[in-house]
Undergrad: 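Have a look at this one.
Per chain, numbering begins at 1; letters A, B, ... match sequence-line order. Worth saying up front: this structure is predicted, and the values here are computed from it rather than measured.
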Protein chains: 2
Amino acid sequence: MNIYDIAAEANTSISTVSRVLNQKPNVNPEIKKRVEEILKKYDYKPSAIARGMVSKTMKSITVMTVDVRVSHYARTIYVIEQEFSKQGYNVNVCNIGNSKEECIKYLNNAVEKQVDGIVLIGSIFSEFINSKDILHKIKDIPVIIANGHIEEANFYSVMVDDKSGIRSATDYLFEKGYQELLYVCDMDTQSARIKLQGFKEALKLRDIPDIEERIIKTYYGVEGGKAVADFIIDSNKKFDGIVFGEDITAIGALKQFKKRGYNIPEDVAIIGYNNCQETIICEPELTTIDNKAELLGKLCADVLKDITEGKIPQKGITIKPDIIEREST
Amino acid sequence: MNIYDIAAEANTSISTVSRVLNQKPNVNPEIKKRVEEILKKYDYKPSAIARGMVSKTMKSITVMTVDVRVSHYARTIYVIEQEFSKQGYNVNVCNIGNSKEECIKYLNNAVEKQVDGIVLIGSIFSEFINSKDILHKIKDIPVIIANGHIEEANFYSVMVDDKSGIRSATDYLFEKGYQELLYVCDMDTQSARIKLQGFKEALKLRDIPDIEERIIKTYYGVEGGKAVADFIIDSNKKFDGIVFGEDITAIGALKQFKKRGYNIPEDVAIIGYNNCQETIICEPELTTIDNKAELLGKLCADVLKDITEGKIPQKGITIKPDIIEREST
DNA sequence: CTGTTAGCGCCTTCAT
DNA sequence: ATGAAGGCGCTAACAG
């Protein structure tokens, strides 16, 4: 069933059918009514593919993250999807899982499908999308990169100021009277390095010596947190407060410190990052930095919508993370 | 840039270009080489839309859930996406958020875009997709419905046996020696009703009286759990073990019971459902039923892949949930 | 206000 | 082995 069939049954031409389908003017009300009835009768849906052939767009966008199962990515994706589905777009999600090859595969797919925009969530993408080759591939598609920056005409950024986030987490602990602060780093992304800078900055400003020795590396997750807690306890480092780059790792550590007999926050204060749901599950509940995953999604969507509508999007949008004070500090 | 441009530059016809593009036989190796070089030179990507026009497929599928932010939905979606992206498909995700209207909107969109399949995750969909109208709309698209059943030629089910899941949770508590069991219900979906049946069944088999009075309703989430804990404590019900339909609500209750001075599991045993990440965060860690979100995704993907490949998929696939014993029982 | 026509980019017969 | 031509379903001039 296509517009030819509809036109035949309505005893008119495909142009007229197309006009009523697209609510265009210059259609005799009677014919319009007749066509509409037939449309309804068959519950007729025009082929988006054929339309796309003409209009060069299928009204779809691509959103890429490392892994949807990570809750703050899911939160950002959720908002983007809701914003775009309102406008009749559909969003395809991609899990690249730390692989540059996968990233490029998805990018190629987006080009072939002629999506109207690409949203890249996570600083890892600015590491993957570096060569002229890759940039050239997607030069006709607007790309929003969340928490990353690429200097190209079709690239737009929405930044989360992670440096200031960790900086204020650190300052907050100092202001609370904690003096021997440690920082636990569990990722190797651009964003993780920026967070670390925030910590160093706060310490430098207070002339704290041996900053490098206050930085501990572990792996991401509850287990990584437990391992680093053991490491810290068994080292001879002095500490009374620890800043973490990720909530989940912080929670693992929190559990292990308790198990080893430490009181939180009396013996050691702990602050996390992300404000994920788990922060209100653990005990004591975790003080954390809210980096506003939903707001990030909204702002990315806004920028992309401006572009698809031909408007000039706001440049240099930056989200300031907030501190969420709970029981662990 | 299209195949005409390529053909012109290679001094051949579009048919030949199309042949090399699609690895078809009957093309002179020399010409083939020449064309391939030009293809590479421009990093040429054929338009998936134009291809779709001919082949009637864009190689994409639609996956719908209530909300991607719910972690077990994200887990299922993740696996489906990974499985299909391997085959060059892309998956568009939809958040219907308890709204039948949204559900139908997304279904229409899937029809217009001529997706190759639809995966519906969650029992709520069997309530929304009921009328002949809706069924007729999507009669040409294979639909996999996770945890629901619809008797139509193009519908396929992958079931999670939630009844047996709750049944074994209940049996497990009895076997551990708990005698006064309560069930907390926090949703109003088909799946929630089936879970409840599992609880009732276990009690009936032991000739436990007043089953209805052992069923308590609340709302979903940590707050709903806290509220129901207060309600239970302040009622004059006897209880030493509680079965929950959802982990998150169970955890809210767990926290509140502790706050009100109850020891877990000595004073009250608590068992949840879903095996979400939060179950290993709370203290004591929550015993729960693992309903295998990833496996669900894999099985849905397998069925849909069989269909798209013209094979006959296995019918009546059912996942048996497992009990995960932790500290709360 | 209406209908005819020419594409959109590709695949697929069908001749050659 | 190759190329010309038709068609997928729709939109957008253009002519009436």
Undergrad: Any residue in residues 107-115 of chain A with a heavy atom nearer than 4.0 angstrom to DNA chain D? Just list them by number, or reply none.
TA: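 Nucleic-acid contacts, sorted: none.
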
Undergrad: Could you tell me whether A/Glu30 and A/Lys33 have a side-chain N and a carboxylate O separated by less than 4.0 Å?
TA: no

Undergrad: Near A/Gln87 CD, under 6.0 Å, is it more than 12 heavy atoms from other residues, nucleotides or ligands?
TA: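 Above 12, so yes.
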
Undergrad: Which atom pairs, donor and acceptor, lie under 3.5 Å between side-chain atoms of residues 9-20 of chain A and protein residues at least two apart or in another chain?
TA:
unit_1, atom_1, unit_2, atom_2, d
A/Glu9, OE1, A/Tyr42, OH, 2.8
A/Glu9, OE2, A/Lys41, NZ, 2.7
A/Glu9, OE2, A/Tyr42, OH, 3.3
A/Thr12, OG1, A/Thr16, OG1, 3.4
A/Ser13, OG, A/Ser15, N, 3.4
A/Ser13, OG, A/Thr16, N, 3.4
A/Ser13, OG, A/Thr16, OG1, 3.4
A/Ser18, OG, A/Asn22, ND2, 3.4

Undergrad: In terms of heavy-atom contacts, does NZ of B/Lys32 have more than 12 from other residues, nucleotides or ligands at under 6.0 Å?
TA: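 For B/Lys32, atom NZ is not crowded (no more than 12 foreign heavy atoms under 6.0 Å).
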
Undergrad: May I ask you to test the A/Lys292-A/Leu296 pair for a side-chain heavy-atom distance under 4.5 Å?
TA: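 No, too far: nothing below the 4.5 Å cut-off.
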
Undergrad: Give a yes or no on whether a salt bridge exists between B/Lys305 and B/Glu83, defined as a side-chain N under 4.0 angstrom from a carboxylate O.
TA: yes

Undergrad: Shoot me the first and last contacting nucleotide of DNA chain C against chain B, ordered 5' to 3', at under 4.0 angstrom to non-hydrogen atoms.
TA: C/dG9 to C/dT12

Undergrad: Please tell me whether B/Lys137 and B/Asn108 have a donor and an acceptor in their side chains that are separated by less than 3.5 angstrom.
TA: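 Judged by distance alone, the side chains do pair up.
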
Undergrad: Give a yes or no on whether B/Gln314 atom CD has more than 12 heavy-atom contacts from other residues, nucleotides or ligands under 6.0 Å away.
TA: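 No, CD of B/Gln314 has 12 or fewer neighbouring heavy atoms, counting only those of other groups under 6.0 Å.
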
Undergrad: Measuring to OP1 and OP2 of D/dG3, would you say a side-chain N or O of B/Thr16 lies under 4.0 angstrom away?
TA: yes

Undergrad: Between B/Ile118 and B/Ala110, what is the shortest heavy-atom contact and its length?
TA: CD1-CB, 3.9 Å

Undergrad: Thinking salt bridges, do B/Lys105 and B/Glu102 make one under a 4.0 Å N-O criterion?
TA: yes

Undergrad: Check each of A/Arg75, A/His72, A/Gln82 against A/Glu294 using the side chain to side chain donor-acceptor pair (under 3.5 Å) test, and report the only one that passes.
TA: A/Arg75

Undergrad: Under 4.5 Å between any side-chain heavy atoms of A/Asn90 and A/Ser85, yes or no?
TA: no

Undergrad: Give me the residues of residues 27-40 of chain A where at least one heavy atom lies under 4.0 Å from an atom of DNA chain D, by number, or none.
TA: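 None - not one residue of the stretch has a heavy atom sitting under 4.0 Å from the strand.
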
Undergrad: Between A/Leu299 and A/Met159, is any pair of side-chain heavy atoms under 4.5 Å apart?
TA: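 A side-chain contact under 4.5 Å is absent here.
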
Undergrad: Distance from B/Ile145 atom CD1 to B/Ser123 atom OG, nearest 0.5 Å?
TA: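 Output value for this atom pair is 8.5 Å.
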
Undergrad: Angle between the two end axes of the helix from C/dC1-D/dG16 to C/dT16-D/dA1, five base pairs per end, rounded to 10 degrees?
TA: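 If I round to tens, the end axes sit 50° apart.
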
Undergrad: What one-letter contact string describes nucleotides 9-16 of chain D from 5' to 3', where B marks a base within less than 4.0 Å of any protein heavy atom, S marks contact via sugar-phosphate atoms alone, and - marks no contact?
TA: BBBBB---

Undergrad: Cut-off 3.5 Å, side chains only: do A/Thr308 and A/Asp116 have a donor facing an acceptor?
TA: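 Not at all, the side chains of A/Thr308 and A/Asp116 share no donor-acceptor pair under 3.5 Å.
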
